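Fair warning: this is a prediction, and the values are worked out from it, not measured in the lab. In this chain, numbering begins with 1 at the start of the sequence shown.
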Amino acid sequence: MGEPQANKSNFLKKLQTKWQLKSLWQVVLVLVVFACTGFTILLIKQPIFDFLGFDASEGSFLKTVIYLLLVLPLYQLFLLIYGFIFGQFAFFWEKEKQFFRRLGRLFTQNKK
């Protein structure tokens, strides 16, 4: 019975190392931030599409573009908000800066 608990702990330790966090508690808080952000986006995505007049059952190129332009930036914003609430703002701010640097490189490499 001790084996599943050891696997969970090992998983959290791997995340701690990968994310360069100070404690397992910080890993748990970061995971809670991801969960809260995902749940919030799940709750607000459909009202946004309803407001814009998109049918829930229709899948379209325009709906995908709207999702990328509206919902994904909201996800990034909510990561920072929940990161602040749970005391992990510095971690998520660094991840946001990395994200935008990578995004910027995509556009600058194409021009060369």
Side-chain angles (χ1 to χ4, degrees):
M1 281 195 163
E3 219 173 290
Q5 184 63 30
N7 288 340
K8 287 179 189 174
S9 178
N10 192 24
F11 174 71
L12 293 177
K13 285 188 183 289
K14 285 180 184 178
L15 288 178
Q16 180 182 357
T17 303
K18 179 181 177 179
W19 290 336
Q20 301 173 349
L21 299 173
K22 296 175 184 165
S23 69
L24 290 178
W25 176 245
Q26 194 177 8
V27 174
V28 170
L29 288 174
V30 166
L31 292 173
V32 167
V33 169
F34 279 122
C36 290
T37 301
F39 187 69
T40 301
I41 292 302
L42 180 70
L43 290 175
I44 67 171
K45 181 179 82 167
Q46 196 54 53
I48 289 172
F49 284 146
D50 290 344
F51 177 75
L52 295 174
F54 288 104
D55 184 13
S57 63
E58 84 179 43
S60 69
F61 177 74
L62 183 59
K63 190 174 177 181
T64 302
V65 170
I66 296 294
Y67 180 83
L68 292 172
L69 292 176
L70 227 89
V71 178
L72 286 180
L74 284 174
Y75 181 86
Q76 304 303 320
L77 179 66
F78 277 107
L79 273 178
L80 294 174
I81 292 168
Y82 283 119
F84 177 78
I85 291 170
F86 288 98
Q88 302 303 311
F89 182 82
F91 172 80
F92 285 100
W93 182 241
E94 286 303 314
K95 294 297 178 192
E96 290 295 320
K97 290 191 291 189
Q98 286 176 4
F99 172 76
F100 284 112
R101 278 193 293 266
R102 288 180 187 150
L103 192 62
R105 275 189 241 136
L106 282 176
F107 294 107
T108 57
Q109 286 178 353
N110 288 340
K111 290 182 180 180
K112 291 182 180 178

Margin query: Hydrophobic clustering (ILVMFWY, side-chain heavy atoms < 4.5 Å, transitive) - are F51 and I48 grouped together?
Written below: yes
Note to self: Can you tell me if K95 has over 12 outside heavy atoms packed within less than 6.0 Å of its NZ?
What the structure shows: yes
Note to self: Would you say that more than 12 heavy atoms from the other residues, nucleotides or ligands in this model lie under 6.0 Å from the CZ of F34, or not?
What the structure shows: yes
Next item on the list: Dump the intermediate steps for side chain to side chain contact (heavy atoms under 4.5 Å, CB included) on T40 and Y82, then the final yes or no.
Entry: CA-CA 10 Å; T40 301; Y82 283 119; 2.7 Å; yes
Margin query: Just by distance, no angles: are the side chains of Q26 and Q88 close enough, under 3.5 Å, to form a donor-acceptor pair?
Written below: yes
Checklist line | L79 to V33 - nearest heavy-atom pair and separation | finding: O-CG1, 3.8 Å
Margin query: Side chains of L31 and L15, heavy atoms from C-beta outward: is any pair under 4.5 Å?
Written below: yes
Note to self: Please determine whether residues W25 and F89 belong to a single hydrophobic cluster, defined as Ile, Leu, Val, Met, Phe, Trp and Tyr linked transitively by side-chain heavy-atom distances below 4.5 Å.
What the structure shows: yes
Next item on the list: Check whether I81 and L43 end up in the same hydrophobic cluster, where Ile, Leu, Val, Met, Phe, Trp and Tyr are linked by side-chain heavy atoms less than 4.5 Å apart.
Entry: no
Next item on the list: Report the relative orientation of the aromatic rings in F49 and F54; use parallel for angles under 30°, tilted for 30 to 60°, perpendicular for over 60°.
Entry: perpendicular
Checklist line | Residues, nucleotides or ligands: over 12 heavy atoms within 6.0 Å of Q98 CD | finding: yes
Check: Atom CG of L74 and atom OH of Y67: how far apart are they, to the nearest 0.5 Å?
Finding: 10.0 Å
Next item on the list: Would you kindly confirm whether L69 and V71 end up in one hydrophobic cluster when ILVMFWY residues are joined by side chain heavy atoms under 4.5 Å apart?
Entry: no
Next item on the list: Tell me, yes or no, whether the heavy-atom count around K97 atom NZ, taken from other residues, nucleotides or ligands under 6.0 Å, exceeds 12.
Entry: yes
Item checked: Nearest-0.5 Å distance, NZ of residue K45 to CG of residue L72 -> 10.5 Å
Next item on the list: Give the cluster check for F39 versus Y75: same hydrophobic cluster or not, with ILVMFWY residues linked at side-chain heavy-atom distances below 4.5 Å.
Entry: no
Margin query: Could you tell me if the side chain of L29 sits less than 4.5 Å from the side chain of L21, heavy atoms only?
Written below: no
Notebook entry, point to check: Does a sphere of radius 6.0 Å around CH2 in W19 hold more than 12 heavy atoms from other residues, nucleotides or ligands, not counting ones at 6.0 Å or beyond?
Noted result: yes
Note to self: Quick check on the 6.0 Å ring-centre criterion: do F78 and F92 meet it?
What the structure shows: no
